[in-house]
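Only one structure is covered here, and it is reproduced in the block below.
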Amino acid sequence: MKRCLQTLAISLAFLIVTSIVGYVTKYLKLGFWENFGIATGILAVGAIFSIAMRKNCTVKIISVCVNAVSMGFYLRSWYVNRGFDNPLWLMLCVSLLAAAYLFVFILPLYVNAINRHYGVYLILFTILSIAGYVCLVVLTKTTWVSTLGYFGLLQLGFIITMSMEGHDRIWLWESWQVASYTVAVCAVIILIIALSVTEGGDGVIDGLDFDVSGGKISSPRQIKPKDETGAFINTNIGN
């Protein structure tokens, strides 16, 4: 439960920073390409720095913050492209709704039948989330709904990385760092939609890949392992 609550708190903080940056940047009076370019530059520089300092745990948390700022600029580029101007209070409320989305994912794990078939549950939840995201972002024009779509996609990144097996603090920080690079997926979608509504527009975008250690998937609601004597083993996450 502690791992789930910590991830929920970090993801909410990520969205709040994104919302604040996305709101404040409207005063810079920048166009779509200026905002998109700044966001991409921040994301790229942060990724290079993270790779160069990948053994430094503090850098992992800094990377999450940097990516939140980058997403704020991407969000502003989306608003400029669509002619949106959401107030800060609305963006913060959408952040809370996106946090509720992650909570909705966590809650069914306390039904043992669902938790035992976590892999199936994760796949179904992901498919339904992506389908819902497409409907929200592409088929609607309501300002807060499209924002919720991007925030939901970011939360899905935290859900997927939270599902990777790991039992220490460094792994937990790394999972948050990897999840924050879902920003790159949002950037690609924003760019594709922007170019699709521009006559004669074309462009090329490079994907950003970031490996997570391990590879196995397991429920974040884990029962503490026992040693040969039957005593619980302390995993030390969050301690």
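Below, all heavy atoms of this structure are taken into account, side chains as well, without hydrogens, waters or symmetry copies. Here the structure is a predicted model, which is why all the values come from computation and not from measurement. In this chain, numbering begins with 1 at the start of the sequence shown.
When only modelled atom types and interatomic distance are considered, Thr161 and Trp176 share no side-chain donor-acceptor pair under 3.5 Å.
Ser50 places none of its side-chain heavy atoms less than 4.5 Å from the side chain of Lys60. Residues Leu12 and Leu96 have side chains in contact (heavy-atom distance under 4.5 Å, counting atoms from C-beta outward). The side-chain heavy atoms of Leu156 and Thr126, taken from C-beta on, include a pair separated by under 4.5 Å. In this structure, the side chains of Phe151 and Leu75 come closer than 4.5 Å at one or more pairs of heavy atoms. Residues Leu92 and Tyr23 have side chains not in contact (no heavy-atom distance under 4.5 Å, counting atoms from C-beta outward).
A donor-acceptor pair is defined here as one N or O able to donate and one able to accept, closer than 3.5 Å; no such pair exists between the side chain of Arg76 and the backbone of Thr25. In this structure, the side chain of Gln155 engages the main chain of Ala98 through a donor-acceptor pair within 3.5 Å. Within the 3.5 Å criterion, the main-chain N or O of Ser77 finds no donor-acceptor partner in the side chain of Asn81. For the pair Ser70 (side chain) and Ala39 (backbone), a donor-acceptor distance under 3.5 Å is present. For Ser11 (side chain) and Thr7 (main-chain N/O), a donor-acceptor pair under 3.5 Å exists by modelled atom type.
Separation of atoms NZ (Lys26) and CG (Asp85) is listed at 4.0 Å; rounding is to 0.5 Å. Rounding to the nearest 0.5 angstrom, the gap separating the CG atom in Asn115 from the OH atom in Tyr118 is 8.5 Å. The structure places CD1 of Ile106 at 6.5 Å from CG of Leu5, a figure rounded to the nearest 0.5 Å. The distance from the CD1 atom of Ile48 to the CG atom of Leu43 is 10.0 Å, given to the nearest 0.5 Å. Taking CG of Leu172 as the reference point, atom CD of Gln177 lies at 12.0 Å (rounded to 0.5 Å).
Using bins of under 30°, 30° to 60° and over 60° for the plane-to-plane angle, the ring pair Phe36/Trp33 lands in the perpendicular bin. Ring geometry, Tyr121 versus Phe125: the interplanar angle falls from 30° to 60°, so the pair is classed tilted. Phe158 and Phe14 have perpendicular rings, their planes meeting at more than 60° on a 0 to 90° scale where under 30° would count as parallel.
Partner Val185 forms a side-chain contact (heavy atoms from CB on, under 4.5 Å) with one of Val183, Ile189, Val188 and no other, that one being Ile189. Among Ile42, Ile190, Thr18, the one residue that satisfies the side-chain contact (heavy atoms from CB on, under 4.5 Å) test with Tyr74 is Ile190. A side-chain contact (heavy atoms from CB on, under 4.5 Å) with Met91 is found for exactly one of Asn86, Ile16, Leu15, namely Asn86.
In this structure Phe73 satisfies the ring pair (Phe, Tyr, Trp, His ring centres under 6.0 Å) test with no other residue, sequence neighbours excluded.
Within the structure, no pair that satisfies the salt bridge (charged side-chain N to carboxylate O under 4.0 Å, His left out) test touches residues 90-104, not counting sequence neighbours.
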